[in-house]
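Only one structure is covered here, and it is reproduced in the block below.
Just so you know, residue 1 is the first one in the sequence shown, and it goes up from there.
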Amino acid sequence: MTIRVMLVDDQELLRTGFRMILQSQGDIEITAEAGDGQQALQVLERTEVDVILMDVRMPRLDGVQATRRICLTEDGAPRPNAPHVLILTTFDLDEYAFAALKAGASGFLLKDVPPVELVAAIRSVHAGDAVVAPTTTRRMIDRFAEVLPVPRSTPGSPVLAPLTDREREVFLLVSQGLSNGEIAARLTLSEATVKTHVGRILAKLNLRDRVQAVVLAYEAGLVRAGAGE
């Protein structure tokens, strides 16, 4: 299956570099490009795209606002069949990149990412995974807690009402930054069972990936910045 990719960056030279890397892959096709978020939205009206490489700091409409409009509905729910967005940033843990993850992006990459990692990231988000390791997600929550709203409720929040007791256990461990393997060891389950639980949790809570699950856990008061350090 060919992965249709869109490049969104106001630096044409950077788009050219990414295009050269990606066009050499047999399963990746560059189907569109845009110089800012506003142009990206216009292009998406007429072009089918699977994955978007999105810069954050651009004129007219930045990557955070564009990502929100691409990935989320007006009421903040994930938009069905929306392309997956990978944020491009100059600095690790850029607050703009974090804001874009909250807006529905599936991960972030540094602009100097090695070609092999860039290709792997595109394939991962196309498969439905998030390109942020659980431990990195946990560190991001700790680092940028100030950009998150004050937790709106306490543990046991009704937001988790759709989950079974076991799913709540798994959700809590996901929110603490544990991988599927670590959760399996903690709960004496198979890794495949944990993966199934995580999939059901995301579906029931209308979340795209574990990045969004961690953000929800913070907002629901289940985790605190700096917890576990």
Side-chain angles (χ1 to χ4, degrees), residues 1-58 61 63-64 66-72 78-92 94 97 100-101 103-137 179-181 191-192 194-196 198-199 202-203 207-212:
M1 177 183 295
T2 299
I3 305 172
R4 299 166 296 185
V5 174
M6 180 179 187
L7 305 176
V8 184
D9 197 295
D10 59 338
Q11 298 182 42
E12 185 175 356
L13 184 60
L14 194 67
R15 296 202 309 271
T16 299
F18 282 133
R19 188 190 320 119
M20 292 176 62
I21 293 170
L22 298 175
Q23 283 182 335
S24 67
Q25 304 299 312
D27 60 339
I28 295 177
E29 177 185 1
I30 305 301
T31 57
E33 295 186 30
D36 59 53
Q38 186 62 49
Q39 185 181 10
L41 294 176
Q42 294 168 353
V43 172
L44 285 174
E45 292 179 356
R46 60 180 186 272
T47 307
E48 293 292 328
V49 174
D50 300 310
V51 178
I52 301 173
L53 292 183
M54 178 83 74
D55 188 20
V56 282
R57 305 184 189 191
M58 296 180 291
L61 189 69
V64 175
T67 296
R68 183 176 295 109
R69 290 170 62 174
I70 291 168
C71 297
L72 304 179
R79 191 180 297 278
N81 303 316
H84 296 282
V85 176
L86 270 173
I87 295 299
L88 296 171
T89 180
T90 305
F91 302 104
D92 191 13
D94 185 321
L101 291 176
S106 296
F108 74 97
L109 297 170
L110 297 180
K111 286 190 174 182
D112 61 356
V113 59
V116 65
E117 292 184 18
L118 173 65
V119 172
I122 290 172
R123 290 171 177 157
S124 291
V125 298
H126 182 253
D129 295 327
V131 185
V132 183
T135 53
T136 302
T137 304
S179 67
N180 285 355
E191 197 164 339
V194 172
K195 184 176 182 180
T196 298
V198 172
L202 297 180
L207 302 171
R208 289 191 68 162
D209 52 47
R210 12 184 4 125
V211 173
Q212 300 296 308

Q) Atom CE in Met58, atom CD in Gln11: separation rounded to 0.5 Å? A) 11.0 Å

**Q.** Distance, nearest 0.5 Å, that separates CZ of Arg123 from CD of Gln25
**A.** 5.0 Å

Q: List the atom of Met54, the atom of Ala66, and the distance in Å for their closest heavy-atom pair.
A: CE-CB, 3.9 Å

Q) For the residue pair Ala40 and Val8, what are the closest heavy atoms and their distance? A) CB-CG2, 3.8 Å

**Q.** Partner residues of Leu41 under the side chain to side chain contact (heavy atoms under 4.5 Å, CB included) criterion, sequence neighbours left out
**A.** Leu61, Arg69, Ile70

Q: Using a 4.5 Å cut-off on heavy atoms from C-beta on, say whether the side chain of Ser106 contacts that of Val85.
A: no

Q: For Ala32 and Thr47, work out which heavy atoms get closest and say how close.
A: CB-CG2, 4.1 Å

**Q.** Distance in Å, Ile87 CD1 paired with Ile52 CD1, rounded so as to fall on 0.5 Å steps
**A.** 9.0 Å

Q.
I'd like to check Leu88 versus Leu110 (side-chain heavy atoms, cut-off strictly below 4.5 Å). Are they in contact?
A. no

**Q.** Nearest-0.5 Å distance, CZ of residue Phe18 to CG of residue Leu109
**A.** 7.5 Å

**Q.** Residues Lys111 and Asp9 bridged, charged N to O under 4.0 Å
**A.** yes

(Q) For the OG1 atom of Thr2 and the CG atom of Asp27, what is their distance to the nearest 0.5 Å? (A) 7.0 Å

(Q) Ignoring hydrogens, what is the shortest heavy-atom contact between Gly104 and Cys71? Give both atom names and the distance. (A) O-SG, 3.5 Å

Q. Sequence neighbours excluded, which residues qualify as salt bridge (Lys or Arg N to Asp or Glu O under 4.0 Å) partners of Asp50?
A. Arg4

Q. Where do Arg57 and Asp10 land on the salt bridge (charged side-chain N to carboxylate O under 4.0 Å, His left out) test, with the steps shown first?
A. CA-CA 8 Å; Arg57 305 184 189 191; Asp10 59 338; over 6 Å; no

Q: Answer yes or no: does atom CD of Gln42 have more than 12 heavy-atom neighbours from other residues, nucleotides or ligands under 6.0 Å?
A: yes

Q.
Contact between Thr31 and Val49 at the side-chain level, heavy atoms closer than 4.5 Å - yes or no?
A. yes

Q) Are Leu53 and Leu118 side-chain neighbours, meaning at least one heavy-atom pair lies under 4.5 Å? A) yes

Q) Taking side chain as C-beta onward, heavy atoms only, is Leu44 less than 4.5 Å from Met6? A) yes

Q. Just one of Ile3, Val5, Ile28 clears the side chain to side chain contact (heavy atoms under 4.5 Å, CB included) bar with His126, so which one?
A. Ile3

Q) How long is the span from the CG atom in Leu7 to the CG atom in Leu86, to the nearest 0.5 Å? A) 11.5 Å

Q) Any donor-acceptor pair under 3.5 Å linking the side chain of Gln39 with the backbone of Gly35? A) yes

